[in-house]
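Worksheet for the structure shown next.
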Amino acid sequence: MTRVIIARPLSREAFVPFGQVIEIGGDNHYPINGGKAERYHAQAKAEAAGPEGHVLISTVRGTPYELPLKLTMVERHPFGSQAFIPLQPRPFLVVVCHDENGRPGEPHAFLAGPGQGVNYPINTWHGVLTPIGEPQDFAIVDRGGQGTNLEEFFFEQPYEVRLPES
Ligand SMILES: NC(=O)N[C@@H](O)C(=O)O
Ligand code: NI
């Protein structure tokens, strides 16, 4: 029997147990450059640990996944955080799990709204980048360095991730 997960709208508050939402929002903002810009400060912290750990900024062009999403695996990065910041104002799927004694718990799915990105703190179980509908570009802020910074977990039974009823 396929286990179904329904994505819920991403919000800063709902995502607190898993990580941070990166968006034009939040209370920590102030004018810069003589008032010509408003800075939304410290949305998330980039973490880079382990041997020769350092922060990287990359870009990625993601291919959309079919919906409902067949979720067979989640991963985590033991040496660093990972942030995905969309370069087009389009929704994408975010899947995260709590850690339960070294294994991921039940997945939680969120639908990121236009302009919302996410940061997964170090060692947070998450689904891989999941654009939907059409190809989407993202900036990635994560960790470079030595050592294996990827741990994958394959579920015995896949989950089916669906969008909320519109
Ligand atoms: N490998 C990579 O850049 N991305 C994955 O870690 C991912 O979470 O999609
Ligand atoms: Ni990842």
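All values below come from the heavy atoms of this structure, side chains included, with hydrogens, waters and symmetry mates left out. Both ligands and their constituent atoms are indexed starting at 1 by order of listing.
Residues Leu87 and Ile22 fall into different hydrophobic clusters, defined by Ile, Leu, Val, Met, Phe, Trp and Tyr side chains chained together at heavy-atom separations under 4.5 Å. Note on Leu10 and Phe84: same hydrophobic cluster, where clusters join Ile, Leu, Val, Met, Phe, Trp and Tyr whose side-chain heavy atoms are under 4.5 Å apart, directly or indirectly.
A salt bridge between Arg12 and Glu23 is present, with a side-chain N of the basic residue lying under 4.0 Å from a carboxylate O of the acidic one.
Contacts between Phe84 and ligand 1, counted as non-hydrogen atom pairs separated by less than 4.0 Å, involve the side chain only.
At the Ni ion (ligand 2), the vertex angle linking NE2 of His77 with OE1 of Gln82 is 90° (nearest 10 degrees).
The protein heavy atom nearest to atom 2 (C) of ligand 1 is Gln82 NE2, 3.7 Å. Shortest contact from atom 9 (O) of ligand 1 to any protein heavy atom: Leu129 N, 2.9 Å.
Every atom of ligand 1 is numbered from 1 in the order shown, and the set under 4.0 Å from a heavy atom of Val128 is 7 (C), 8 (O), 9 (O). Counting the atoms of ligand 1 from 1 in the order shown, those under 4.0 Å from a heavy atom of His126 are 8 (O).
Both tests hold for Arg3 against Tyr159: distance to the six-membered ring centre under 6.0 Å, angle to the ring axis within 45°.
In this pair, His108 and His98 present their aromatic rings perpendicular. The plane angle is above 60°, beyond the 30 to 60° band.
Of the possible donor and acceptor atoms, one in the side chain of Gln88 sits under 3.5 Å from a partner among the backbone N and O of Asp137. With His126 contributing its side chain and Val94 its backbone, the two residues share no donor-acceptor pair below 3.5 Å.
Summary: NE2 is the N/O/S atom of His126 found nearest to the Ni ion (ligand 2). Closest N/O/S atom of Glu75 to the Ni ion (ligand 2): OE2.
Of the candidates Glu152, Glu75, His77, Glu75 brings a heavy atom nearest to atom 7 (C) of ligand 1.
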